[in-house]
Amino acid sequence: MITKPELITFFLLLLLFTACRSTRDSSIQADEAIVTADTATLTAGRATLTTGDVFLIEDPRFRKADAPAFYKQDTGTQGMVVTAHPLASEAGRSMLRAGGNAVDAAVAAAFAVAVLEPNMSGLGGSGAMTLWIRERQQADYVDFYAATGADPDYARDSVPDSLISRERGVAVPGMVAGLLEALEKYGTLDRQTVMEPAIQLAEEGFIVHHLLAYVIDNYGDRLTYDPDSAELFYPDDNPLRAGQQLIQSDLAGVLRRIAAEGRDGFYSGEIAERAIAMLNEGGSPLTPEDFENYRPRWRGALCEEWHGHRILTAPPSLAGHEVILALKLLEHKNLTVSGHPISSGESLVAITDALRIARADRSRWDGDPDFVDLPVAGLFTEEYLNRRRKMMGIALPDSRSVPDPGTTPDSGTVSDSQARPVSLTVSESVMVPDSLEAGDPWQDTASYTAPAACTGDGYFELSTGISRPDDTELLKHVPEEFRHLYETEQPHIEHPHNDDNPDNPEQHTTHIAVVDRNGNAVSMTNTLGLYFGSGVYSDGVFYNSAAGNFGGSYGSIRGPERSANSSTAPTLVLTGDRVALVTGSPGSGRIPPAIVNTIIHTMIYELHPADAVRMPRIYPMIENRRVELERGFAPNALKSLHERGYVVDPSNYPMNMYFGGVQMIRALDDGTLIGVSDPRRDGGAAGY
């Protein structure tokens, strides 16, 4: 028999359960109301992806709940900052909330992430920034990559982790000068305000995260090269572990000096003198004049039209032309009808071919445009694109595989947009060559005409009507006493260790994406070269390894006061005068493929940005038929790659840091901003 106390207890528990359920239901309704308020739907929000089995994505697509927190997503309407560390994203967002613009936020985030990710970027490193200032209808681009000094030959024998010559691999750092010039030109907040978050993080410290702890543990040879860095990162001869606190007092002092004195606080005075003295002790010929003479290069954004959008990205000597070329090669391929590359072999082969061709061409036709003529204009002409498309097995518009506009095999009439897409099965296409040679765009440069929307101030002007120089012409900027070093059939020196080597496993770069309340946007990629750069450490600053980057491309000949080539490509996608996408990635040679993949998944397949970032990535080799991919592609898609002649080399991981670490913002038509940080890294998005 139930006693009276037991009966009372039962009713009390019942009442408590009912109250909790009611509270939970109210909470769910409140959360749904919040999500509904934050919901943004693309105007064409439905993506139907078909091939073999149907992969269907239905409306509504853009809700907070659609992307788990694992994918580091945030939404906002007033601004968004996405970086490789949540605290750096918060530093940028604090600038936006204080009334700053996208440049203020980007500069604050860059200084902050230099503290939080000392393995990836820092004051002794390099970077580049692509900008869209919507208030002025102004595009721009600044290259602040590290550059050689007056001596053109000092890094020839630099070898990473060599205790003899690592100092000779350091080039004049550009990050401080680039960030400060961008802030002065386009920012609205004062230098001290923008740098304060970074100063606090250095002085007060932060908790070491997983990736930083892993790198510290595995790259002790660089961290213990200098006694001061060894003491900081290997206290008691043990590497810092995840969860421990890292305080960088010396770095805080340098940041405070820069905040007070500007670039002079870094490029002259005590800080520069001590760094140069340390470099000179290791055999580097860098001088105080080299530091003082360094200037960022405002080159203007490389711009092309693509599928009704404008792509703004990095001109040479960075890799934006690889991004644009891959996208342009696919313009005649209706990927949405062919199907998603996860399950469609036809789409996967086409994208792989385009990435491989673009890699080969950029790797050959790259260099410092201040010193060599580059045939980049020829790459974007229809004549050249059509020649390269034939290597993809894609039929051209006048091919038998495309019906005449306005007709259909069923004798009905259709519009141009409804006509059957350009298509060619894998079996009909040629097999891929064992190694892929770069094309010859020189003859096509004269026929190039820049899109009207891509001309004027703030845009990179592609050279036309230029002719291919001979080797003697290529060497004209090399002092005569050094020319014998380059007088070979291909006047360049290979660089098996630099940050642009596609086979280098190190992921030594960081990316920042920002959009503000007025639609201004910044895409910025910064790097130290190798992890912790050269390992040379002075006053809390690691110095880059950029002087080892020369070689491997047509124009990348070492010379005085020039920057080497790099795979980075900070990119913006505009629709009209509005930013639609901000994207970029670390990852050495995997950077352009990662950017191309996220643009295609977002702008063509209309995936949620979080889904676009987590899609498995591919990376084809140039010198052999091997193609590396993340796990997740369907067997039939992999079969098509094999039949095309590729050697399929899948990763054992669904998402691998080797394939990059995209930081991305999708800006919707209604003003909603969706920020996503790549789950392959430790980043975060911060919007409001």
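For this chain, numbers begin at 1 and follow the sequence in order.
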Do Asp353 and Arg389 meet the salt-bridge criterion of a basic N to acidic O distance under 4.0 Å? no
Got a second to check how far Leu629's CG is from Leu348's CG, nearest 0.5 Å? 7.0 Å
Whether the Glu117 and Thr510 side chains hold a donor-acceptor pair (N or O, under 3.5 Å, no angle test) is what I'd like checked. yes
If only side-chain N and O atoms count, and only distance matters, is there a donor-acceptor pair under 3.5 Å linking Thr509 with Thr527? yes
For the residue pair Ser588 and Ser567, confirm or rule out a side-chain donor-acceptor distance under 3.5 Å. no
With sequence neighbours left out, the residues meeting side-chain hydrogen bond (donor to acceptor under 3.5 Å, both in side chains) with Thr381 are none
Any salt bridge linking Lys72 with Asp682? Criterion: basic side-chain nitrogen under 4.0 Å from a carboxylate oxygen. no
Which of Arg387, Arg388, Arg468 passes salt bridge (charged side-chain N to carboxylate O under 4.0 Å, His left out) with Asp444? Answer is Arg387
In Å, rounded to the nearest 0.5 Å, how long is the span from OH of Tyr384 to CG of Asp361? 3.0 Å
If the condition is ring-ring contact (aromatic ring centres under 6.0 Å, His included), which residues does His85 pass it with, not counting sequence neighbours? His209
Pair Thr568-Tyr145, side-chain donor/acceptor within less than 3.5 Å: yes
Could you check Ser585 against His511 for side chain to side chain donor-acceptor pair (under 3.5 Å), going step by step and ending with a plain yes or no? CA-CA 6 Å; Ser585 179; His511 188 77; over 6 Å; no
Any salt bridge between Glu331 and Lys333, counting N to O under 4.0 Å? no
Arg356 and Tyr646 side chains, donor-acceptor separation under 3.5 Å: no
Side-chain donor-acceptor pair under 3.5 Å between Gln663 and Ser677, yes or no? yes
Cation-pi check, Arg590 to Tyr658: give yes when NZ or CZ is under 6.0 Å from the six-membered ring centre and within 45° of the ring axis, no otherwise. yes
Salt bridge or not between Arg680 and Glu630? Use side-chain N to carboxylate O under 4.0 Å. yes
Sequence neighbours excluded, the answer for side-chain contact (heavy atoms from CB on, under 4.5 Å) partners of Pro369 is Arg299, Pro316, Leu374, Phe460
